[in-house]
Structures are given as C-alpha cells and as structure tokens.
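This is a predicted model, so every value here is computed, not measured. Both counts, for ligands and for their atoms, begin at 1 and track the order of listing. Starting from 1, each residue takes its place in the sequence as its number.
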Amino acid sequence: MKKIGHIIGGKAILSGAATPVFNPATGDQTGEVASGGVAEVDAAVATASAAFLAWSTITPARRAKVMFEMRRLMETRKDELADIISAEHGKTHSDALGEIARGQEVVEFASGIPHLLKGSFSAQVATGMDCYDQRQPLGVVAGITPFNFPAMVPLWMMPMALACGNAFILKPSERDPSTSNLLYDLWHEAGLPEGVLNVVHGGKAAVDAVLDHPGIAAVSFVGSTPIAQYVYARGCAAGKRVQALGGAKNHLVVMPDADLDQAADALMGAGYGSAGERCMAVSVAVPVGEMTADALIARLKPRVQALKIGPASDAAAEMGPLVTMAHRDKVAGCIAAGEGEGAELVVDGRGLKLQGYEKGFWLGGTLLDRVTTSMTVYKEEIFGPVLSVVRAPDYRTAVDMINANPFGNGTAIFTRDGDAARDFTQSVQVGMVGVNVPIPVPVGYHSFGGWKSSIFGSHGVYGPESVHFYTKLKTVTARWPTGIRGGAQFTFPS
Ligand code: NAD
C-alpha cells in the first residue's frame, strides 16, 4: 500500500498516525497519508525560515525562471498529474486536466513577477527629495487546501507566494494528498531551492499548529465556511494575515428570453460536472416565470437521465463518484430531506449501480423541482450532483433571493436582454458573476473571491490581489545631502 509522507527540507517523512486514502471509484483503500501536528509544523517552519533569506533576496527575474520551468514541466507531466488527481478524488481525466490548466494560468501570471513587484516613484516630493515604494515578502506563509481541487487550489497560492519571495508550507486535504507531493517534485525539478516549499499532511492538528505558529506570517485557506471562519478567527488572533475562502450556494437565473437549450446545457455542466463538488458549481437554477420553468425542466430531465457516469478510465464519462462514502451518504440524505419537505423529485440518482464498481462512492445526477428557500436542500451547500429548481415569479424576486442567501461566491444570469444583465451585474451581492457564462471563475490575471460568508479576509486569491496579500508595502522618502542647511525643524514635515 502506498505511503504518503510529509516533505520537509526536501526529505520525505512518515511521522504521525496514518490516515487511509481511498480510490472513490472502486471504494478500495489505496494508501495512507502521514498526519502531522506541532512537531512537523515546527520542523517545516524551521527549514522554511532558513531558506527564506536567500530566496527572497535573489532577483525577481530568477524567481520568474523557476515559474517558467514549472509551467513547462506541468505541461509535459499533465497526464500523470491528472491520473493522480482522478485516482484519489474520482473526477474524470478531462476534468482533472481542466484544473491543471487553471493552476498553470497562475504559474504563468507569476512568471511576470518582476513587473508585478514594480513600485511607484515620485520625484521631488520636496526640494531634492524623492519618494518610492516597494513590496517586500512576508516571510514564511502557509496554505491549507480542500479536497475538491487537489492541484488547482494549491496552485492558486504557491506560485504567487513563492514568486513574491516567500517560503511556503502547504497543508493539503488528507483525502487526496498525493497530488501535492507530485507538485512538490515538479517545483523541485523546476529549480526551487530545498526548504523554500514544504508539505505537511494531516487534519485539524496540523491546521491548528499552522495557525498558532509564531513563525508563520500569513495563511491562505480554502474550504468549507465553518472551517474558514474558524481559521480566520484563530489565525488573526495569533497575529497573522489571513484570507479564508469558504463554501457556496450558486444560483443561475434563467430569464424568459434566454436560449433555453443553451441554459440547460450550461446547467448540466455547472451542476453535475465534477459530481457537483466545485465551489463554483451551480446548485440552484432560478427560472423566471412558470412557462420558463416548465420549458427548462422539460429540457433538463432527459439530459440528467442521460448523464454518463463512470470512472476516470472511461473516456466517455461526464462525471465520477463522490469523494468518500460518508459524503455520498450525506448527499443522499439531503435528497431524502428535499423529498420529505415537499420538493418534486424529477430525477433520483440514489439508485445508481455501476457493474464492476459496486463498492465505489457513486450517486447519480438528481433533479429537484419546486424547491423553496426554507427547505434543507436549499439551505445546505450539498456539494454533490443535485440541482434544485427554485421557481421565481419575476426577475426582482430572483435577485432578492440571491441577495438574501448567506453565501456570495458565484452566480450567473442567462438572458438576451442587456438591461437585465447589466442590472444583475450591478445589484447582485456576489463576488463572481457570469452573463451567459455558468461558471465565472476569473482567469489567472484577475483575482478569485466571493462575498459574504464565502470569504473571510479582505483579499481574493491569485491575480493582482495576491501580490498585495503576499507582500507588505514599504515606502521610502530619500534626500541626498545638497549642502543646504536649514537647522533642526520641530514642526511636522510638510
Ligand atoms: P473542509 O473545510 O472540510 O477542509 C478544508 C481544509 O481544512 C482541509 O485541509 C482539512 O484538512 C482542514 N480541516 C477540516 N476540518 C478541520 C477542522 N475541524 N479544523 C481545522 N482544519 C480542518 O473542506 P473540504 O470538504 O475539503 O472541501 C469542500 C469545501 O471547500 C466546500 O465547502 C467548498 O465550497 C469549499 N471550497 C471553496 C472554494 C472557494 O474558492 N471559495 C474552493 C474550493 C472549495
């Protein structure tokens, strides 16, 4: 059985109790991952602190070289990376390649770090005096990541943190930990000096050790809202800079004038892709008007029934299994709750069986109609292949519903009406908005971040916001002796 260890100072270390790792398609245990705590985090901080000075003082252009090489290596090894992701997460090969490509975008953006770190300069702020600013790295920073994007989310953080000159400690999800170790190998091969990046595996004990360690200056977290809130509070209390991205409940509004086939296709990909285990998955469709709703359901029902579900080895599969049996059962419980509370079960995925994969964590695509905002199935994030249809009598009700929801990660509107689309983009209380785009994840040179309880902290991840998150501002005001002597001045300089 595969043993997955921490990587500290370039060495694989198998310490701490072991946690089992499963292949969600077969249900078999395929490995076990080491579980770190205070001792492993102490060791990682010590090695990262020792490596920080040299790494932070080489030229940004040399750090950019590592990024260019990392990009190339990811390209040549992407199938190997995708296989490792699928084996522990369960997502299809093409979906895994998609997350690798989105991670690569951040590496590409980080390759421009000499430009991104440029400060501003003001000449002659007083006679013979200039003022300029620069951004300096924070020191040792850490990232804590969820199971659902084992490559992309660590790559939302590592490239920018490293390119800015920081040393980095990654605490990945214990459910699909192998991808992080392969990413480490690629960084090392790309020329990242030993100790600059360390991987500590584990669960709560490792997270708490990261949050409490005085040698860690900042923490980036991505995961569920309750843990994001906890990480933010505990990390801030320990004096760290923290950005903590949480869960989501993303709505897609379908206006009466929308191209309904296009909207139905968009809902299929956004609702069931990656078995709904995406923070930008659409879990609520909001058709405006009864006629729109009936016509949309008529299009969705056969599409959901025809979903191709299978393991990553099946190139035709459109979605795979859920990540664990416990999560599969929780999602099935949400479907039962929805039915019990009066939702109309249009397609029920609970009976799905796959020959040869009887022990896998499978659940078919499920479609619920006439869901209301008071039902559990609406209030819970779910994080599975379940699409709820909440019918709205008019556009304003649809927007008010989204704005009343505690989450604010992503949303979209499908319409051909420019007025409605513009009003939606301006008034909706959500961080990432799509117009005829179902999953509006910003490209690598913008930044990613929701609103409300989808984020705690004031910076989004990757893109320009991450330069600010991973650096601190220093402003220098300088004068060179001019021979003019004014004597001591006791008034405030102006
Ligand atoms: P999770 O919150 O269970 O775990 C995230 C990380 O926190 C993991 O590294 C885990 O080991 C750690 N953790 C878990 N329980 C902990 C505890 N009690 N104390 C301290 N640390 C703990 O999330 P998950 O199930 O791995 O991922 C799915 C969630 O992540 C969903 O809610 C999804 O919406 C969210 N997510 C959000 C975004 C975003 O950008 N907003 C992106 C991806 C995933």
Side-chain angles (χ1 to χ4, degrees), residues 16 19 21 24 33-37 41 88-91 99 102-103 106 142-157 169-177 179-180 199-212 219-235 242-250 274-283 322-324 326-328 330-331 334 380-384 406-411 430-432 439-442 447-457 459-463 465-466:
T19 307
V21 176
V33 60
S35 204
V41 171
E88 293 180 357
H89 175 283
K91 64 177 71 178
E99 77 158 285
R102 293 313 293 260
V106 183
I144 301 163
T145 55
F147 80 85
N148 65 325
F149 286 107
M152 183 182 79
V153 173
L155 287 165
W156 280 357
M157 304 168 182
I169 298 170
L170 176 66
K171 204 305 283 171
S173 170
E174 60 277 45
R175 294 185 215 162
D176 43 16
T179 306
S180 301
V199 182
V200 175
H201 291 288
K204 181 171 168 47
V207 170
D208 287 349
V210 165
L211 296 174
D212 295 344
V219 174
S220 301
F221 171 90
V222 176
S224 60
T225 288
I227 312 296
Q229 223 163 350
Y230 167 77
V231 164
Y232 186 74
R234 189 158 172 163
V242 184
Q243 55 178 181
L245 281 71
K249 192 79 185 174
N250 306 316
S274 202
E277 291 174 326
R278 292 179 182 144
C279 63
M280 290 292 274
V282 171
S283 54
L322 295 183
V323 69
T324 58
H327 185 53
R328 185 244 166 248
K330 186 170 169 237
V331 177
C334 287
E380 295 260 322
E381 182 181 20
I382 302 186
F383 225 54
F407 295 108
N409 214 40
T411 189
V430 173
M432 292 169 284
I439 309 181
V441 175
S447 296
F448 180 109
W451 285 11
K452 298 190 276 185
S453 59
S454 295
I455 197 165
F456 302 89
H459 291 90
V461 284
Y462 67 81
E465 293 250 317
S466 63

Handout entry: Expected output: side-chain Glu99 to main-chain Ala151 donor-acceptor under 3.5 Å
Key = yes
Problem - Nearest-neighbour protein heavy atom for atom 26 (O) of ligand 1, which is reported as residue plus atom name and distance - result: Phe147 N, 3.0 Å
Problem - The one among Gly450, Ala206, Cys279, Gly460 that brings a heavy atom closest to atom 38 (C) of ligand 1 - result: Cys279
Completion exercise
Ranked by distance from atom 19 (N) of ligand 1, the top protein heavy atom is Lys204 CG, 3.5 Å
Completion exercise
re atom 34 (O) of ligand 1, the protein heavy-atom contact at minimum distance is Glu381 OE2, 2.5 Å
Handout entry: Any N or O of Gly223 closer than 3.5 Å to N or O of ligand 1
Key = yes
Problem - atom 8 (C) of ligand 1: nearest protein contact (heavy atom, Å) - result: Thr145 O, 3.3 Å
Exercise for the section: Enumerate the atoms of ligand 1 whose separation from the nearest heavy atom of Asn409 is less than 4.0 angstrom. Expected result: 41 (N)
Exercise for the section: Report, in ascending order of atom number, the atoms of ligand 1 lying under 4.0 Å from any heavy atom of Trp156. Expected result: 40 (O)
Practice task
Identify which of Phe383, Phe407, Phe448 has a heavy atom lying nearest to atom 33 (C) of ligand 1.
Solution key: Phe383
Exercise for the section: Determine whether any heavy atom of Arg175 lies closer than 4.0 Å to an atom of ligand 1. Expected result: yes
Problem - Backbone of Gly202 reached by a side-chain donor or acceptor of Lys171 within 3.5 Å - result: yes
Problem - Donor-acceptor under 3.5 Å (Ser453 side chain, Pro406 main chain) - result: yes
Problem - For atom 27 (O) of ligand 1, the protein heavy atom that lies nearest, with its residue and separation - result: Pro146 CB, 3.2 Å
Completion exercise
atom 2 (O) of ligand 1 sits nearest the protein heavy atom Ser224 OG, 2.6 Å
Practice task
Give a yes or no answer on whether the side chain of His327 reaches the backbone of Phe383 with a donor-acceptor pair at less than 3.5 Å.
Solution key: yes
Handout entry: Donor-acceptor under 3.5 Å (Thr225 side chain, Gly246 main chain)
Key = no
Practice task
Using protein heavy atoms only, decide if any is under 4.0 Å from atom 4 (O) of ligand 1.
Solution key: no
Completion exercise
min-distance protein heavy atom vs atom 7 (O) of ligand 1 -> Phe221 CE1, 3.4 Å
Handout entry: Donor-acceptor contact below 3.5 Å, side chain Asn250 vs main chain Cys279
Key = yes
Problem - Electrostatic pair Lys91:Glu88 at N-O distance under 4.0 angstrom - result: no
Fill in the blank from the handout: Quick look: Arg278 vs ligand 1, heavy-atom contacts under 4.0 Å, and the answer is neither
Problem - Within-cut-off N or O pair, Ser454 and ligand 1, under 3.5 Å - result: no
Exercise for the section: For Ser220 and Gln243, test the side chains for any donor-to-acceptor distance below 3.5 angstrom and give the result as yes or no. Expected result: yes
Problem - Among Ile227, Leu211, Asn148, Leu170, closest by any non-hydrogen atom to atom 44 (C) of ligand 1 - result: Asn148
Handout entry: Main-chain N/O of Glu277 paired to Asn148 side chain as donor or acceptor, under 3.5 Å
Key = yes
Exercise for the section: Might you confirm whether atom NZ of Lys452 has over 12 heavy atoms from other residues, nucleotides or ligands at distances under 6.0 Å? Expected result: yes
Handout entry: Any donor-acceptor pair under 3.5 Å from Arg102 side chain to Val441 backbone
Key = yes
Problem - Min N/O separation Glu174 to ligand 1 under 3.5 Å - result: yes
Practice task
Please say which of Ser180, Pro177, Pro172 ends up in a side chain to side chain contact (heavy atoms under 4.5 Å, CB included) with Val33.
Solution key: Pro177
Practice task
Give the ring-plane orientation class for Tyr232 versus Phe456, where under 30° counts as parallel, over 60° as perpendicular and anything between as tilted.
Solution key: tilted
Practice task
Return a yes/no value for Tyr230: is any of its N or O atoms, backbone included, closer than 3.5 angstrom to an N or O of ligand 1?
Solution key: no
Handout entry: Shortest protein contact, atom 12 (C) of ligand 1 (heavy atom only)
Key = Val207 CG2, 4.1 Å
Practice task
Ignoring angles and geometry beyond distance, decide whether Gly203 reaches within less than 3.5 Å of ligand 1 through its nitrogen or oxygen atoms.
Solution key: no
Problem - Within-shell test, Gly246 vs ligand 1, heavy atom, strictly < 4.0 Å - result: yes
